[in-house]
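Here the structure comes first, spelled out in structure tokens, and everything after it is commentary.
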Amino acid sequence: MKSPILLSLALGCGWLFSPEVLVITGNSAGNLGLLAIPLLALAAFLFSTCGKAINSVQLGSKESSELQILRQSIGAIPAASLTLAACFPLLILAATALLVTSGYTFNEVFLYWFPNFGFAFLLLGLLTLVQFLPMKQLLRVQLFCVSLAGGGILILAVYGSGTSVIPLSALLHMPQQLSGAALSSALLLFLFAGSNLFHGQQGRFSLIPRLAFIVFSLWMFASLSHVNPERLASSTIPYMTASRRILGDTGRQIMGVVVVSGSCAAVIGLTLLCREKLTDLAQAHMAPAFLAKGGGRWILPPLVAIATGICMATGLAGDEILETLLRSALLLWLLYYSAVTLAATLVLKKEQQTVSLPARVAPLLLFTGLLAVLFTNPQRSEMFVILICLLVTSSALAALWFFINPKERLKKETL
Amino acid sequence: MKRLLPLLLLFFFAGASLLHASDVPTISKDELKAQLDTGKTVVLDVRSGRDWSSSEFKIKGAIRAAGDDIGKWSKDYKKDQKLVLYCA
């Protein structure tokens, strides 16, 4: 793909148009009312600032990956373990959740007779096969999914904003669901999971946050203009409720396409991100050498497909624990992102470069958001245990790698 | 091997998608509608997790119950009541 903007969109928008993000934005709009829009702007600004800080280090250094930035600040084993814990559980859990959601949507919106579970498995198989395509074709598929999902949301958002049934004066009222407001505000940070950390995106760190702000502020406004806030806040599928109110059955069908294509884009995007992280780990001698030259293309997709297939077949999607697991994985990703940004600002300071005030404050705000999600969540104790388990497992794996590879340990010591 | 791997995966997932639940007694939409009017039939939605949260269709008046906790909630209903479990 020659156009850098299209490449950035293909790589960075995967998670952005997934049903998970649509649930977060719908519930947040319900809990916060129109106040959700400035809070979304703040979240977008934070990620734009973080992207800029990370990008400044990447441009000025030969060792430009986030892993290398992190390694300079916290050492090899913590950097490797944080990378492993932040990316791989998120990919498997998100794939399980999104594919099952797609299965239900396909069954209920398009073909009643087609089993939802069957569709989820077929989609998993198809997405695994797509991963074996050459990168150029894979990025085209990804761009197609992103465009379909983004275009669908935009159509519904623009039409819904123009055909408001709830008067603006009513929309300007204070949020009524204050109990969920703190959690909803912090959850907006999850919109940007995995969007800024691709090598191909250098220099376009603010494209995705800006795009997210435009599309989702319109979508929130359209949702609030057609559905009452209490309904949006409590719904498990606020996107479907809003699209049905906006355009009737046609709206449901457009949203059905958005859900399926958005899920595909999220799974492909997160798999690409994990492939890139595997390559980074291998190039830094923290993973088997064959992964450094694109070996992840053949290894990762089948492993992810098997793990996701097992999760689906054993009924994880039908268990309430999946939501807690997924939210914990997203928290680890947020922890990773704040750590990389903090490490980038420290590197810039060390190199005596100017670090802007927002860049200095951004990691702290991200970390505060992380704590807010953790402590305002009813399942906080379970989430805390899951976070510890994932971090301990990934640290053990990273430590084991250095222990059984004395040569790699030597390279680490000489660095 | 690289060419064989995608084919093997395709067969695995195509096979998995053909899995069916074993036969259970079912009730048609019209039968259920007629029985609901008698007041002796209770519809229980035993879906959980994503199975419930991702679904747009929820039967009006259905009560949510955990499918693996029949022993607990079955005591709450009278013996002459008909329980219709809804799981997909």
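Since the structure is predicted, the reported quantities are computational estimates derived from the model, not experimental observations. Per chain, numbering begins at 1; letters A, B, ... match sequence-line order.
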- Task: Taking the side chain as every heavy atom from C-beta outward, state whether Y104(A) and F57(B) have any pair of such atoms under 4.5 Å apart.
- Result: no
- Item | Pairwise side-chain contact, E56(B) with T105(A), heavy-atom cut-off 4.5 Å (strictly under) | no
- Query: Where is the tightest heavy-atom contact between E320(A) and S48(B), given as atom of each residue plus distance?
  - Reply: OE2-CB, 3.9 Å
- Using non-hydrogen atoms and a 4.5 Å limit, figure out which bit of L123(A) sits close to chain B: side chain, backbone, both or neither. neither
- Message: If I measure from the heavy atoms of chain B, does V109(A) come under 4.5 Å with its side chain, its backbone, both, or neither?
- Response: side chain
- Query: Of T96(A), L99(A), V100(A), which is the lone residue that meets side-chain contact (heavy atoms from CB on, under 4.5 Å) with R50(B)?
  - Reply: V100(A)
- Query: Is it true that atom NZ of K82(B) has more than 12 heavy atoms of other residues, nucleotides or ligands lying nearer than 6.0 Å?
  - Reply: no
- Nearest-0.5 Å distance, OG of residue S55(B) to CG of residue N107(A): 8.0 Å
- Anything in residues 18-28 of chain A with a heavy-atom distance to chain B below 4.5 Å? Please list those residues in order. E20(A)
- Distance-only polar pair, side chains of S53(B) and T236(A), donor-acceptor under 3.5 Å: no
